Amino acid sequence: MQSNPWFDYLENEEKEFIRQLILASGSLKELAKVYDVSYPTVRLRLDRVINKVKLYSDQENNPFVSSIMQMVIEDKISLDSANEIIKKYKKEV
């Protein structure tokens, strides 16, 4: 079975998180119970995984957008700020 490039880009704990999400039938509430954390904590973690998957897709298309999204993942800037920067960048290009 061939793996997807975006999946290979994820760390092992992120892959396990996705596996647990599937086993919980996509229920973030159930996943919060599995990890013994709050729903917002699970939501934040899922958002980070989503951003990382998007980052991989953008990386192939635009290195600038990729570097901005990496800053979001590393909590250096907010997602709202990143979106604003990217929007302004795309107007200039």
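The structure displayed is predicted, hence computed values, not measured ones. Numbers here are sequence positions counted from 1.
Residues passing the side-chain hydrogen bond (donor to acceptor under 3.5 Å, both in side chains) test with S67: none are found, sequence neighbours excluded. Applying the salt bridge (Lys or Arg N to Asp or Glu O under 4.0 Å) rule to E11 yields the partners K52; only residues at least two apart in sequence or on another chain are considered. Evaluation of the side-chain contact (heavy atoms from CB on, under 4.5 Å) rule for L46 yields F17, L21, L28, R43, I50 as partners, not counting sequence neighbours. With sequence neighbours excluded, no residue satisfies ring pair (Phe, Tyr, Trp, His ring centres under 6.0 Å) with Y39. Residues passing the side-chain hydrogen bond (donor to acceptor under 3.5 Å, both in side chains) test with D75 are R48, sequence neighbours excluded. For K90, there are no salt bridge (Lys or Arg N to Asp or Glu O under 4.0 Å) partners, not counting sequence neighbours. Evaluation of the side-chain hydrogen bond (donor to acceptor under 3.5 Å, both in side chains) rule for S25 yields no partner, not counting sequence neighbours. Under the side-chain contact (heavy atoms from CB on, under 4.5 Å) criterion, E30 pairs with A24, S27, K33, not counting sequence neighbours.
When side chains are defined from C-beta on, E13 counts as touching R45, because their heavy atoms get closer than 4.5 Å.
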Going by atom type alone, with no hydrogens or angles, which donor-acceptor pairs under 3.5 Å involve a side-chain atom of residues 76-89 and a protein atom two or more places apart or on another chain?
unit_1 : atom_1 : unit_2 : atom_2 : d
K76    : NZ     : E74    : OE1    : 3.2
S78    : OG     : S81    : N      : 3.0
S78    : OG     : S81    : OG     : 3.0
N83    : ND2    : L79    : O      : 3.4

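V49 and V37 fall within a single hydrophobic cluster, where Ile, Leu, Val, Met, Phe, Trp and Tyr side chains are chained together by heavy-atom contacts under 4.5 Å. Cluster annotation: Y35 is connected to L10 through the hydrophobic network of ILVMFWY side chains, with a link wherever side-chain heavy atoms come within less than 4.5 Å.
The line from CG of L31 to CG of D36 is 12.0 Å long, rounded to the nearest 0.5 Å.
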